K.L.:
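This is the structure, below, for whatever I ask next.
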Amino acid sequence: MITTTVADYLWRNISNLGVKTVFGLPGITTLPAMEAMRQLGAPEFVVTRHEQCAGHMADATARLGAKLGVLLVDLGPGLANTLTSALAASRDSSPLLILAGQEHQSLIGREVWHEMPEITVFSPMLKFCERVESAEAFPRLLDQALRFAMSGRKGPVLLSVPKNIWEQEVRSPLKPFAAGFLPSPGEAAMVKTVSLLRKSRRPVVVAGGGGRNPEASKAIRAMCERWNLPVVTSPNGRGALSEEHPLCLGHAGRFGQVHASRTLAEADLILSLGCRLDDLTTHNWSLLNPDQTVIQVDIEATMIAQNWPVDLAIVSDAGAFAKKLEEGFEAPLTAFWDLRSRSADRRKERNKFYAIDDEVAVKPQAVMKALETFVGDDHTVVMGGGRFQQFAGEWLVRRSENFFYAANSGTVGFALSAAIGAAITSPERQVICVLGDGDFTMHCQELETAVRTKANVKIVILNDFAYGAMKARQVFSYGTEYGNADFAALAKSFGAEGRRISKGNDIKETVRWLLETSGPALIDVHIDLTENRSLLYGHDIGQKEPASVTKT
């Protein structure tokens with residue numbers, strides 16, 4: 001029997017999962033855990049300037065393919081600061097382990113300094129939330145936490161550890177985490193699916209976050225090509241099928257593409273793969289109708305029919321389902337609708353939109369076009385929240401790792417930290433953060449983290465000196481405008497590189513400089529405040545009525 005401490009047992013298990021980096025802030029209740037990490041030499045601890053930012057950085061590592069994101073924080077206010085990052089991870093199904101220190105067990109419940117009811121506060125938002133009561137219980141609780149975080153619909157979990165427990169002995173063998181097998185559909189479910197598909201004439205696949213991992217994406221592509229099925233995605237499912245693929249119509253719904261939304265509305269059968277058919281994807285369910293046949297495939301049974309009634313419910317991994325349909329069944333001889341020309345039209349309209357330029361005024365879409373022109377294949381764009389999404393959101397997503405944002409929580413303040421986390425843990429990738437000035441100033445102090453860790457992150461601030469999304473919705477501007485610092489100078493004060501773009505003629509040269517600069521760098525883009533064109537469906541920023549969609 002191996003004897004070790006709780007802290008040592010924790011970090012050895014975390015390292016065995018391939019986790020290389022833990023993010024967080026030091027605290028009195030976590031110092032023993034940090035010392036154990038130092039002595040072991042793994043994982044690496046990256047100290048940030050705010051606990052919410054640490055959470056977003058850890059979240060980003062999971063979105064880029066790590067099995068798990070991990071953060072370590074102190075009790076009370078430190079832990080409370082992670083609530084927003086827990087929300088973002090929960091809504092986008094990102095596996096995140098929050099490790100929180102807690103007061104000595106003899107003091108808990110006496111309202112001592114920094115104490116908070118962490119289980120009561122966090123439980124409604126997390127998949128698993130427990131306080132460790134003994135060293136003996138720790139291995140079991142850790143295994144449970146990891147299983148909840150990385151199984152089914154993935155998501156955030158919390159383990160709260162009293163400070164007197166970290167150095168207590170654990171008498172338990174250090175076993176590798178036993179990952180569960182992914183659920184696969186039964187034969188009867190597949191036969192029924194094929195029967196419904198063969199009766200349809202206008203089927204569409206809706207790929208959600210459950211289709212983003214490489215294996216699922218590969219299977220979905222093979223299935224759709226064999227069956228000639230058009231695909232739309234949820235905002236969180238972008239990249240499940242390359243948006244360059246002739247069968248892909250883009251992402252549907254509110255802030256989605258018109259062609260994708262039109263396709264969803266006109267479909268007579270919806271095959272939902274790892275998608276909740278939520279308000280964003282369906283534009284408050286206006287793109288669905290009772291006459292459509294709905295087959296919902298989800299790895300989590302509780303997600304099925306959560307938002308819309310279904311005709312066939314299948315508990316399965318999206319990739320496993322797609323592989324069975326592609327390999328085990330022949331496509332019908334009668335052709336489904338062919339939307340390749342519609343897909344081509346979408347790409348043409350997008351390219352025309354991105355070609356808008358001006359020698360004097362700085363058009364946001366011209367900045368995005370320049371980024372797209374000079375960026376390498378192995379890139380990740382992390383998008384923030386705000387009005388600028390109508391320009392940045394048109395980025396052509398070829399693979400799921402090319403693009404992500406806090407899609408389902410709409411968290412403003414996510415992008416900068418997430419991009420820094422992505423650059424720290426994936427230094428081989430070209431990481432670009434595109435966000436607004438309001439978003440940037442929420443957590444701009446993390447520029448110091450980027451400089452200290454030599455994170456090769458490139459920051460593009462589309463600056464309109466306002467909370468632009470709210471300002472555009474007002475008849476008269478009230479409570480939305482403010483002044484800004486010189487962001488280029490601010491970047492330099494932290495030790496990063498920085499430049500400003502204030503003329504259209506400067507866009508290409510400055511963007512090329514940004515991408516070729518080594519280390520963290522920033523461009524402060526003073527965009528044309530009158531530019532408000534958009535291709536997005538349901539776009540309500542300065543456009544009060546959603547783009548029209550014809551239903552048949």
Side-chain angles (χ1 to χ4, degrees), residues 4-26 30 32-48 51 53-73 82 85-86 88-90 92-101 126-128 130 132 138-152 154-161 166 170 172 174-180 212-214 380 401 404 417-429 431 449 453 455:
T4 184
T5 66
V6 165
D8 186 73
Y9 184 91
L10 167 67
W11 300 130
R12 289 183 187 277
N13 272 277
I14 293 299
S15 295
N16 286 344
L17 283 171
V19 175
K20 295 181 173 58
T21 309
V22 172
F23 299 89
L25 269 72
T30 60
M34 294 176 62
E35 174 60 17
M37 198 185 326
R38 185 193 68 80
Q39 290 186 17
L40 186 62
E44 178 188 6
F45 184 70
V46 174
V47 62
T48 67
E51 291 88 353
C53 302
H56 293 323
M57 290 182 195
D59 181 355
T61 69
R63 294 183 191 235
L64 279 182
K67 291 181 180 179
L68 185 72
V70 182
L71 69 151
L72 178 68
V73 296
T82 70
S85 51
S90 175
D92 287 347
S93 305
S94 185
L96 182 66
L97 172 61
I98 305 170
L99 297 163
L126 306 182
K127 291 190 67 180
F128 180 83
E130 291 286 344
V132 179
F138 184 77
R140 174 180 58 84
L141 291 175
L142 177 62
D143 188 80
Q144 281 187 285
L146 296 176
R147 197 164 304 284
F148 273 99
M150 299 188 291
S151 302
K154 300 176 181 179
V157 297
L158 167 67
L159 276 182
S160 170
V161 185
W166 287 117
V170 172
S172 179
L174 191 68
K175 291 183 178 180
F177 176 76
R212 280 178 60 92
N213 72 77
T380 295
E401 63 267 27
F404 69 84
S417 300
I420 293 170
I424 289 171
T425 55
S426 300
E428 75 285 355
R429 302 194 66 79
V431 179
T449 305
T453 59

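What you see is a predicted model, and the numbers here were worked out from it, not measured in a lab.
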K.L.:
Looking at Ser85, is its backbone amide N or carbonyl O close enough to the side chain of Thr82 to form a donor-acceptor pair, meaning the two atoms are under 3.5 Å apart?
P.N.:
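Such a contact is absent between Thr82 side chain and Ser85 backbone.
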
K.L.:
So, using side-chain hydrogen bond (donor to acceptor under 3.5 Å, both in side chains) as the criterion, who are the partners of Glu401 when residues are at least two apart?
P.N.:
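With sequence neighbours excluded, Glu401 shows a side-chain hydrogen bond (donor to acceptor under 3.5 Å, both in side chains) to Arg399, given in chain and number order.
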
K.L.:
Taking the side chain as everything from C-beta on, heavy atoms only, tell me whether Val73 gets closer than 4.5 Å to Leu25.
P.N.:
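With C-beta onward as the side chain, the pair stays apart.
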
K.L.:
Taking only residues two or more places apart in sequence, or in another chain, which ones meet Arg212 in a side-chain hydrogen bond (donor to acceptor under 3.5 Å, both in side chains)?
P.N.:
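Partners of Arg212 under the side-chain hydrogen bond (donor to acceptor under 3.5 Å, both in side chains) test: none.
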
K.L.:
Under a 4.5 Å cut-off applied to non-hydrogen side-chain atoms, are Thr48 and Ile420 in contact?
P.N.:
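When only atoms from C-beta onward are counted, Ile420 and Thr48 do not touch, as no gap falls below 4.5 Å.
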
K.L.:
For residues Leu174 and Thr4, determine if any side-chain heavy atom of one lies less than 4.5 Å from a side-chain heavy atom of the other.
P.N.:
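No. Closest side-chain heavy atoms not under 4.5 Å.
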
K.L.:
Quick check: do Pro176 and Asn16 have side-chain heavy atoms less than 4.5 Å from each other?
P.N.:
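No, every pair of side-chain atoms sits at 4.5 Å or beyond.
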
K.L.:
I want to check something: taking the side chain as every heavy atom from C-beta on, are Leu126 and Val157 in contact at a cut-off of under 4.5 Å?
P.N.:
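Heavy-atom side-chain distance check fails, nothing below 4.5 Å.
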
K.L.:
Would you say that Pro139 contacts Val170 through its side chain, given a criterion of any heavy-atom pair below 4.5 Å between the two side chains?
P.N.:
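Yes - at least one pair of side-chain heavy atoms lies under 4.5 Å apart.
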
K.L.:
Are Asp143 and Asn13 close enough that some pair of their side-chain heavy atoms sits under 4.5 Å apart?
P.N.:
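No - every pair of side-chain heavy atoms lies 4.5 Å or more apart.
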
K.L.:
Flag the pair Arg38 / Met34 as yes when at least one side-chain heavy-atom distance between them is below 4.5 Å, and no otherwise.
P.N.:
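No, side chains not in contact.
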
K.L.:
According to side-chain hydrogen bond (donor to acceptor under 3.5 Å, both in side chains), who are the partners of Arg429, at least two apart in sequence or on a separate chain?
P.N.:
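side-chain hydrogen bond (donor to acceptor under 3.5 Å, both in side chains) list for Arg429, sorted by chain: Asp378, Thr380.
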
K.L.:
Which pair of heavy atoms, one from Ala422 and one from Ala60, lies closest together, and at what distance?
P.N.:
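In this case the closest contact between Ala422 and Ala60 is N-CB, 4.0 Å.
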
K.L.:
Can you confirm whether more than 12 heavy atoms, excluding those of Lys154, are under 6.0 Å from its NZ atom?
P.N.:
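Counting neighbours around NZ of Lys154, 12 or fewer heavy atoms of other residues, nucleotides or ligands fall under 6.0 Å, so no.
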
K.L.:
After noting the C-alpha distance and the side-chain angles of Met150 and Phe177, does the key distance pass the side chain to side chain contact (heavy atoms under 4.5 Å, CB included) rule?
P.N.:
CA-CA 11 Å; Met150 299 188 291; Phe177 176 76; 3.4 Å; yes

K.L.:
Would you call the rings of Phe128 and Phe148 parallel, tilted or perpendicular, where under 30° means parallel and over 60° means perpendicular?
P.N.:
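Rings of Phe128 and Phe148: parallel, as their planes differ by under 30°.
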
